[in-house]
Amino acid sequence: MRRAAMTLVLATLLAAGLAGCRPAPAERVNRPNGPISVFLSHDATPEQKRAVEERLRGVPDAAEVTFQDREQAYARFKELARDDPELLDSVSPEILPESFLLTLRDRAAFDRTVDGPLLDELRAMPGVEDVSYPEDGPPPTPPRAAPTADDCAWGSLKPVPTHGDWREIWVYLSRTITESERQAIEARLRALPDVVTVKLDPRDEPGATPESDGSGSPAPVLPAKQSDSYLVELADRAAANRVADSDLDAELCRLPGVTRVVLPPKMPG
């Protein structure tokens, strides 16, 4: 899958500030003594996790080291996002990272730790995605991790239509995508063989929704549209079938800024 999208921070809930930001000394007077959150990458191995835990337990001023799995992270996230139903609907437990939480024995120990070399050392360890700590207010929200294969690569329309001329690719974009990332995605889409049009559908406009094929069968369902997306029209059914047989969805999912890909279904013709 594509690189972890740790830049996708849920800023509306991050009352404690961005991960790793260091406030001026005057702003640290009322800072709590933790926990420091060490977010793990989705592909962290058991050996890497053990190494991170051993390093945290070796911190001289450590009072407690706890592990937080994805279900626990999701419960924490739901509490922080309880006033944003749309945000809640867009997140599931499997896309949140596991983490270790390090609590220091007192405020002085916490200040020495976050101002020292430990955080950079932890960030450099294999299996660690990022390190975050609270400054004032509640603990930081875990950053959203990269989509897994099941999250991003939708595959094809479900249920697969039995009639009609389905020749579209849908590519959903991250809400925090940069302009350079968007341009790279559009350039890749325009470079695909047999492309007729590449259209950007802004978030505040209706997304592409397949219509009934007139056969009486259930209409195919697209993922909920909560961000901008690209609609790519292919030249003919043969081109769509070639795409359906390819690994294009996995390739596009590796591009920074892509959160979901839907390919046309394989159909006769």
Exercise for review: Report the C-alpha distance between L104 and I36 in whole Å, list the side-chain angles of each, state the deciding distance to 0.1 Å, and finish with yes or no for side-chain contact (heavy atoms from CB on, under 4.5 Å).
Suggested key: CA-CA 8 Å; L104 284 304; I36 293 172; 3.8 Å; yes

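- Closest of all the heavy-atom pairs between R123 and D130 is NE-OD1, 3.3 Å.
- Nearest heavy atom pair, residue P264 against residue R237, reads CB-NH2, 4.1 Å.
- Take D194 and apply the side-chain hydrogen bond (donor to acceptor under 3.5 Å, both in side chains) test, not counting sequence neighbours, and it matches R242.
- A 4.5 Å side-chain heavy-atom check between L119 and Y133 finds at least one atom pair inside the cut-off.
- Here the closest heavy-atom approach between residue P202 and residue L200 is recorded as CD-O, 3.3 Å.
- Take V195 and apply the side-chain contact (heavy atoms from CB on, under 4.5 Å) test, not counting sequence neighbours, and it matches L192, V198, V232, L234.
- For E54, the side-chain hydrogen bond (donor to acceptor under 3.5 Å, both in side chains) test picks out no residue, with sequence neighbours left out.
- The shortest heavy-atom contact between P97 and F39 is CG-CD2, 3.8 Å.
- S246 meets the side-chain hydrogen bond (donor to acceptor under 3.5 Å, both in side chains) test with no other residue; sequence neighbours excluded.
- Taking all atoms of both residues into account, the shortest heavy-atom contact from L96 to Y74 is CD1-CA, 3.6 Å.
- Here E53 pairs with R57 under the salt bridge (Lys or Arg N to Asp or Glu O under 4.0 Å) rule; sequence neighbours left out.
- Side-chain N or O atoms of Q72 include one that pairs as donor or acceptor with a backbone N or O of D69 at under 3.5 Å.
- Under a hydrophobic clustering in which Ile, Leu, Val, Met, Phe, Trp and Tyr are joined whenever their side-chain heavy atoms come within less than 4.5 Å, directly or via other members, L101 and L118 fall into different clusters.
- For Y230, there are no ring pair (Phe, Tyr, Trp, His ring centres under 6.0 Å) partners, not counting sequence neighbours.
- The nearest pair of heavy atoms linking A235 to A239 is N-CB, 4.5 Å.
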